[in-house]
Amino acid sequence: DARFEDEGIRLRQHGSQFWANVIITALRDEIGKLIGFAKVTRDLTERRRREEARVQAALVGVLRIQELGVELAKASLPRDVIDVLVRKGAQAIGAQASSFIGRAGETEATLIADSGLTDEIRRHYERFPLSQKVASATALRTGESLWCETPEEVARQLSDTPASVVMGSACALPLVVGGRADYAVAFRFPEPRQFSPAERAFFEAFVGQVALALDRAEARVKEAEGKRRLETLATFAQKLSTASTSEEVAKVVIEQTCAA
């Protein structure tokens with residue numbers, strides 16, 4: 001049977017435009033003679049708008065990752081990488097506050113960096129049990145991302161959050177650095193927020209980039225520290241080789257000890 005289908009802009013009777021799906025089908029009688037055509041037009045404006053919004057959101061996510069990736073490339077020290085995450089990352093996603101924690105032993109965590117927290121909250125999380133039901137500790141303890149989209153979910157899942165902290169939604173993600181999930185980051189939002197699949201993918205991609213950058217930065221610090229120690233040992237050995245008396249040897253050892 002002859003059938004034609006097309007999508008495109010059409011005009012309504014009053015002249016406004018809309019995105020339509022049009023199907024035209026040939027109609028035949030019982031002996032196969034063409035007797036006319038049936039035309040079905042469906043208004044797909046809303047679907048088209050949703051598709052365009054998803055594409056736009058994906059493009060914005062790509063641009064955000066690229067911009068933050070440039071900032072991460074500039075960060076040479078671990079503290080610089082963390083600053084990109086808690087400050088520029090929070091700003092890019094519209095978070096009201098952010099916190100970055102690390103393990104402090106097997107059962108505790110410590111606040112390493114933050115953006116938007118009060119001094120009271122900083123003191124509260126200077127060192128705290130990993131068992132607490134707060135966003136960052138939950139992500140670090142479970143090794144899984146946490147998404148709370150409404151105040152009701154926040155109250156149910158993050159019941160140990162201080163009463164002075166008001167949030168409409170929150171998310172937290174673990175960071176695997178050097179093969180270990182020893183860090184986590186949490187973001188707080190003032191309003192309820194639906195974390196779409198695209199947005200969750202963006203968050204996870206960004207945090208993954210941060211983890212890699214942090215891994216590289218920590219490796220550079222260790223490399224620099226190892227180089228410094230080798231240079232110190234070389235200087236110590238050179239000075240010892242020129243010492244001819246026990247007093248000179250003792251002086252070299254004391255100077256080296258003080259310098260260390």
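Side chains are part of it too, since the values below use all heavy atoms of this structure and drop only hydrogens, waters and symmetry mates.
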| said: Would you say CD of E204 has more than 12 non-hydrogen atoms from neighbouring residues, nucleotides or ligands within 6.0 angstrom? | reply: yes
| task | Specify the closest pair of heavy atoms between L146 and A135, including all atoms of both residues, with the distance to one decimal. | result | CD2-CA, 3.8 Å
| said: Can you tell me if Q194 has over 12 outside heavy atoms packed within less than 6.0 Å of its CD? | reply: no
| query | Can you name the nearest heavy-atom pair linking F37 to A26, along with the distance? | reply | CD2-CA, 3.8 Å
| query | Are any of the side-chain nitrogens in D83 or R87 under 4.0 Å away from the carboxylate oxygens of its partner? | reply | yes
| Atom CZ of R122: over 12 foreign heavy atoms under 6.0 Å | yes
| request: Rounded to the nearest 0.5 Å, what's the gap from CZ on R42 to CD1 on I23? Could you check? | output: 6.0 Å
| Taking all atoms of both residues into account, what is the closest heavy-atom pair of F128 and A137, and its distance? | CE1-CB, 3.8 Å
| said: Looking at E7 and R48, is any side-chain nitrogen of the basic one under 4.0 Å from a carboxylate oxygen of the acidic one? | reply: no
| request: Measure across W19 and D43 and return the closest heavy-atom pair with its distance rounded to 0.1 Å. | output: O-OD1, 3.5 Å
| field | L214 side chain near L85 side chain, heavy-atom distance below 4.5 Å | value | no
| query | Is it true that a side-chain atom of R127 and a backbone atom of E108 form a donor plus acceptor pair closer than 3.5 Å? | reply | no
| Less than 4.0 Å between a side-chain N and a carboxylate O, is that true for K74 and D80? | no
| said: Between F202 and I93, is the side chain to side chain contact (heavy atoms under 4.5 Å, CB included) condition met? List the steps. | reply: CA-CA 10 Å; F202 163 70; I93 64 176; 3.5 Å; yes
| task | Report the residue from V185, L212, V176 that forms a side chain to side chain contact (heavy atoms under 4.5 Å, CB included) with V207. | result | V185
| Distance, nearest 0.5 Å, that separates NZ of K133 from CZ of R156 | 11.0 Å
| said: Measuring centre to centre across the rings, with the benzene-like ring taken for any Trp, is F187 within less than 6.0 Å of F195? | reply: no
| query | Between T138 (side chain) and V134 (backbone), is there a donor-acceptor pair under 3.5 Å? | reply | yes
| request: Using modelled atom types only, decide if a donor and an acceptor are shared between the side chain of R188 and the backbone of A97 within a distance under 3.5 Å. | output: no
| task | Taking the side chain as every heavy atom from C-beta outward, state whether V84 and V210 have any atom pair closer than 4.5 Å. | result | no
| said: Test of understanding: clusters of I, L, V, M, F, W, Y form through side-chain heavy atoms closer than 4.5 Å, transitively. Do V177 and V86 belong to the same one? | reply: yes
| From D114 atom CG to S99 atom OG, the distance as rounded to the nearest 0.5 Å | 7.5 Å
| Side chain proximity check, M167 to T161, heavy atoms < 4.5 angstrom | yes
| query | Among the clusters formed by ILVMFWY side chains lying less than 4.5 Å apart, do L130 and L158 turn up in the same one? | reply | yes
| R103 CZ to Y183 OH distance, which is reported to the nearest 0.5 Å | 11.0 Å
| Pairwise distance CD(Q132) to CG(L140) - rounded to 0.5 angstrom | 12.5 Å
| request: Taking only Lys NZ, Arg NE, NH1 and NH2, and the carboxylate oxygens of Asp or Glu, determine whether E149 and R200 approach each other closer than 4.0 Å. | output: yes
| request: Find out whether V22 and F4 are in side-chain contact, i.e. whether some heavy atom of one side chain is under 4.5 Å from a heavy atom of the other. | output: no
| request: Any chance you could measure F100, atom CZ, to I112, atom CD1, to the nearest 0.5 Å? | output: 5.0 Å
| query | Given side chains that start at C-beta, do those of Y125 and I101 come closer than 4.5 Å, heavy atoms only? | reply | no
| task | State whether the side chain of T110 and the backbone N or O of E126 hold a donor-acceptor pair below 3.5 Å, judged by distance alone. | result | yes
| Side-chain touch S145/P174, heavy atoms, less than 4.5 angstrom | yes
| task | Evaluate whether atom CZ of R180 has more than 12 neighbouring non-hydrogen atoms of other residues, nucleotides or ligands under 6.0 angstrom away. | result | no
| request: Show the numbers, then the answer: is there a side chain to side chain contact (heavy atoms under 4.5 Å, CB included) between F18 and T41? | output: CA-CA 11 Å; F18 69 104; T41 301; 4.1 Å; yes
| query | Can you name the closest pair of heavy atoms from P78 and A217 and give their distance? | reply | N-CB, 3.6 Å
| message | Using a strict threshold of under 4.0 Å (side-chain N to carboxylate O), is an ion pair present between E46 and R49? | response | yes
| field | S169 to R193 - nearest heavy-atom pair and separation | value | OG-CB, 3.3 Å
| field | Side chain T25, main chain R3, donor-acceptor under 3.5 Å | value | no
